[in-house]
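Let me begin by presenting the structure, written as structure tokens, before commenting on it.
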Amino acid sequence: MSSYDPSKIESRWQNYWLENKTFKTLENHDKPKYYILDMFPYPSGSGLHVGHPEGYTATDILARYKRMKGFNVLHPIGWDAFGLPAEQYAVKTGTHPRSTTERNIKRFREQLQMLGFSYDWDREVDTTDPDYYKWTQWIFLKLFERGLAYEDEQPVNWCPKLGTVLANEEVIDGKSEVGRYPVVRRPMRQWVLKITAYADRLLEDLDDLDWPESTKEMQRNWIGKSIGAEIEFAIPDRDEKIRVFTTRPDTVFGATYMVLAPEHQLVDELTTDEQRGEVESYIEFAGQKSDLERQELTKEKTGVFTGAYAINPVNNKEIPIWIADYVLAHYGTGAIMAVPGEDERDWEFAEKYDIPIIRTVQPPDDFQGKAYTGDGPSINSGILNGLNITESKTKIIEWLEDNGVGKKSVNYKLRDWLFSRQRYWGEPFPIIHVDGKPKAVPEKDLPVTLPEVDDFQPTQTGQPPLARAKNWVETTDPETGKKALRETNTMPQWAGSCWYYLRYISPDFEGGPVDQQEEKYWMPVDLYVGGSEHSVLHLLYARFWHKVLYDCGVVSTKEPFQRLVHQGMILGEVEYTAYEKDGKIISAEKAAETEGVKRVPLSENDVEKKGDRFVMKGTEITVDSKAHKMSKSRGNVINPDDVVKSYGADSLRLYEMFMGPLEQVKPWSTKGVEGVNRFLNRVWRLFFGDGVEEKYNITDSEANKEQLKALHEAIKKVTEDIEGMRFNTAISALMIFVNEANGWKSVPRSVAEPFVILLSPFAPHLAEELWSRMGHKESLAYEKWPVYNQEYLKSESIEMAVQVNGKVRANISVPADEFKNKEFVIGLAKQQKNIQRYLDGTTIIKEIYVPGRIVNLVVK
RNA sequence: GCCUGGGUGGCGGAAUUGGUAGACGCGCCGGACUCAAAAUCCGGUGGCAGCAAUGUCGUAAGGGUUCGAGUCCCUUCCCAGGUACCA
């Protein structure tokens, strides 16, 4: 071979790694462990996109690095393979989802192997494998036993056109994500998991996690804990009371009306005959609004008076009871006390319907707005007058409790997790219904496997597809011998991904979901890398299950994922776009507010930068310059297969890491791939000459000072940057080394070998090839990571800047053994010609010397 | 609106605790090799002024702290992601 040819090198090493099981995780527990996990991929029919290798390369670099640092590394992969696309394909074509799934998994596996990731392929898991979902069902039974799984009538997203129920995340703007068909809310019997029972722990334990602050914050908001009070409002001449939740009990003296959600239980009873017609038509109006409309109509509040009154317990005043859909039935008690003086929504409503407004907090003198939500002394509030918000809250809660009309209370936004789907391609519930009551299938009868059906669509009556398997559905209760019916719902896709990280630890273990001996060694996951789109749902659900398993004694840690990093999205190439209207090009700012504008794609050569915008060359017409999300419709999708074909997997890996910080959103650039490919070519030539001469450049001669310095600078920088996950600057350090080494006549083996090791996590195929050509018989995967020596980093002189009044006026070179000598350095600085110019005719009032960095002379 | 990140050359991006802004890569310009091209190699490359030495401006905008600010503080603008009547 005369030049760098990734197509030959890469497949050879991929086969070598597979055949030799190079990355098989060690069974022994003597070494320190490092568990590094990629988010569970869904093996879609379209294969990998360039976003996948970004996170996977980052974890692969760390996995390879940690192995060489002497860690026992667990770096597995598997398939989150249940899900709607395979089922939809089955409905359309009759192909069993299993065969689609198998085909897709095969394709994904090949693609991942083509990129040279160092997974332990003996630990692959697949959520659709009965040996796997047996344990998903087992965990569900634990939830069921603990009363954390229950049945409930719940409104679901029913799509009549698709004949199926959709998950919330599959509904976009009131329409199905697939096909854009209308979706309606419809009540159905559902399995629900009581995640709310864990709300506090899910919230509190976030604090100790090494996760992005934004993700923790999103989970906190999702859980939405608020502390306040529950207050009871009596209704004259009736036994019923209206309970409200409020975070501002201190404002209760300003409650001038109440609002019930239209769906509130008491609405029907309280409504007076005169108001009944109006109330009923309002309830209908509110009920018909789709979620989309509710969002769009937020500007204007609407509501209707019920005709009834309630009594404010603190001052015995009668206040009117309204219904309005700005009060949500499913939050708090579904009823509020309205305090327009301190709440913007209530103010808006009160203003519209002419309801009195009483301020109970004194706004500052310069306050201009309407409702005042800030702090201040209480007014118009009897016993609370003069106290600030916090003091008022404490005092009024005490009063409410003493008088038996209220108490301190905590509320959450988090709702229980709707856990069933009317689908075929999911885990069956290990539940049978006997005498209309749900009952667990005995553990020894797990797994409950999916039956074969003749059609993957729901039945005519809207029953899930599993209902078609009559023989399967109709069964007997093994305990009593009674007739029983199997549960026909299946679990959502989240189920399998809630605990997969545990199965990797002992994938073949038969005594439980995870071998506890192994679990104690491997958990928690040390680093978890995946997209921020899973910030809330997957990560919250998995934490919930993990805590349940912790309570069951199955796992030993409270949290599954100690450190979490999100890779940023990769956008398409930057596009330049001009806008055309009636055959004339108009400027981009105008285009946004003009109708009937046509987009005209431009090439980079057609545009130039003017100030802070791009214009068409030679004109003043602004054009758009933007990188867009990759999408089929835009036609800017980059296929990793093509990149590998043209430049090799090492170039793809290297480029994705070199683009910029891992967490950041970055645009793709094919030129950039060519750049790193050139770098790998330079590495090759450093070892083997330019191919024409076919010379071997590695010698056994001793390394000189300059060579050692270059090497050890690279070792230091690459090591520190990998530890800090700054892969872009680590690669830059490798480039600096190669640029320098290219000036040498030859490279001593003692320098070349450590360099190859430094390169190997990033470009493993090339590194293995170089390593073996240097005469090694074994893979370098477990070689020792080099350690830098401070001695070699020292240079003979140090370059420093000399400033006068903070402006650089000269550079000096100070001998290394003199740089601590302030007198010497400042003396040298003052001798500089250009410095003397600036010192001439002035007085030095201060001499600043930061050793090794800078001299600053302050003059007057 | 609110929350969380960001804003640095033509572009992607570098800059320890405040200490020479622009590492590395792309692009561009010039040169070498070549009949020619590709590939490769060498040199240059923030703006302005100057033959040059050098000066001056410059990290979204404005202000402040400091001997010294991309980095710290205040105000404003813009971009991305999330969220939205949650009482």
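Order of the sequence lines fixes the chain letters, A, B, ..., with proteins taken first and strands second; residue numbering starts at 1 for each chain.
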Gap in Å between the two C1' atoms, one belonging to B:rA21 and one to B:rA39, rounded:
35 Å
Which part of the nucleic acid, if any, lies within reach of A:Glu217 when heavy atoms closer than 4.0 Å are counted: base, sugar-phosphate only, or nothing?
sugar-phosphate
Give A:Gly332 one of three labels, base, sugar-phosphate or nothing, depending on what nucleic acid heavy atoms sit under 4.0 Å from its own.
nothing
Centroid-to-centroid, A:Phe349 to A:Tyr257, below 6.0 Å?
yes
Cation over ring, A:Lys716 on A:Tyr788, under 6.0 Å and within 45°?
yes
What interatomic distance, in whole Å, is found between C1' of B:rG22 and the corresponding atom of B:rU59?
9 Å
Give A:Lys609 one of three labels, base, sugar-phosphate or nothing, depending on what nucleic acid heavy atoms sit under 4.0 Å from its own.
sugar-phosphate
Just call it for A:Ser214: base, sugar-phosphate, or nothing, with non-hydrogen atoms closer than 4.0 Å on any strand.
sugar-phosphate
Closest nucleotide among B:rA23, B:rG19, B:rG25 to the A:Ile848 side chain:
B:rG19
Applying a 4.0 Å non-hydrogen cut-off, can you work out what A:Pro661 is touching in the nucleic acid: base, sugar-phosphate, or nothing?
sugar-phosphate
Using a strict 4.0 Å threshold on nitrogen-to-oxygen distance, state whether A:Lys370 and A:Asp346 make a salt bridge.
no
Checking all strands, does A:Asn728 fall into the base, sugar-phosphate, or nothing category for heavy-atom contacts under 4.0 angstrom?
sugar-phosphate
C1' spacing across the pair B:rG25 / B:rC73, given as an integer number of angstrom:
36 Å
What does A:Asp346 touch in the nucleic acid at a heavy-atom separation under 4.0 angstrom: a base, only the sugar-phosphate, or nothing?
nothing
Regarding A:Asn411 and A:Ser226, is there a side-chain donor-to-acceptor distance under 3.5 Å anywhere?
no
Taking A:Glu656 first and then A:Lys666, would you say they form a salt bridge - that is, a charged N and a carboxylate O separated by under 4.0 Å?
no
Side chain of A:Arg809 only, heavy atoms from C-beta on: which candidate in B:rU20, B:rG55, B:rG10 is closest?
B:rG55
Say you pick atom C1' in B:rG55 and the same atom in B:rC72; how far apart are they, in whole Å?
30 Å
Quickly, which of A:Thr251, A:Ile358, A:Ile355, A:Thr256 forms a side chain to side chain contact (heavy atoms under 4.5 Å, CB included) with A:Pro340? Name it, please.
A:Thr256
Heavy atoms only, 4.0 Å cut-off, all strands: where does A:Glu799 land among base, sugar-phosphate and nothing?
base
Across all strands, who's sitting opposite B:rU65 as a Watson-Crick or G-U wobble pair, both distances under 3.5 Å?
none
Just to be sure I understand the rule, does A:Asn739 reach a base, reach only the sugar-phosphate, or reach nothing, if contact means heavy atoms closer than 4.0 Å?
sugar-phosphate
Which part of the nucleic acid, if any, lies within contact of A:Val665, taking any heavy atom under 4.0 Å across all strands shown: a base, the sugar-phosphate backbone alone, or nothing?
sugar-phosphate
Looking at every strand, decide which applies to A:Tyr838 at a 4.0 Å heavy-atom threshold: base, sugar-phosphate, or nothing.
sugar-phosphate
Nearest-nucleotide pick for A:Leu328, side chain only, options being B:rG10, B:rU20, B:rA87:
B:rA87
Which whole number of Å gives the distance between the C1' atom of B:rG58 and that of B:rC3?
33 Å
Got a donor-acceptor pair under 3.5 Å from the side chain of A:Lys301 to the base of B:rC85?
yes
Using a cut-off of 4.0 Å on non-hydrogen atoms, how would the nucleic acid contact of A:Thr246 be classed: base, sugar-phosphate, or nothing?
sugar-phosphate
Separation between the P atoms of B:rU65 and B:rA52, rounded to whole Å
39 Å
Nearest listed nucleotide, side chain of A:Arg837, among B:rU54, B:rA87, B:rU20
B:rU54
For B:rC48, give the paired nucleotide (Watson-Crick: N1-N3 plus N6-O4 or O6-N4; G-U: N1-O2 and O6-N3; both under 3.5 Å), or none.
B:rG55
Span that lies between the P atom of B:rA80 and that of B:rG13, in whole angstrom
15 Å
Taking any heavy-atom pair under 4.0 Å as a contact, classify A:Ser532: base, sugar-phosphate, or nothing.
nothing
Re B:rG9: Watson-Crick or G-U wobble partner, both distances kept under 3.5 Å, found to be none
Nearest of B:rU20, B:rA87, B:rG27 to any side-chain atom of A:Ile854?
B:rU20
If we call it a pair only when both distances are under 3.5 Å in a Watson-Crick or G-U wobble match, what pairs with B:rU16?
none
Looking at B:rU4, which nucleotide sits across from it as a Watson-Crick or G-U wobble partner, both distances under 3.5 angstrom, or is there none?
B:rA80
Sugar-phosphate, base or nothing in reach of A:Arg415, heavy atoms under 4.0 Å
nothing
Would you classify B:rG44 as syn or anti? Syn applies when the glycosidic angle is within 90° of 0.
anti
Would A:Lys822 and A:Tyr849 count as a cation-pi pair here, with the cationic atom under 6.0 angstrom from the ring centre and within 45° of the axis?
no
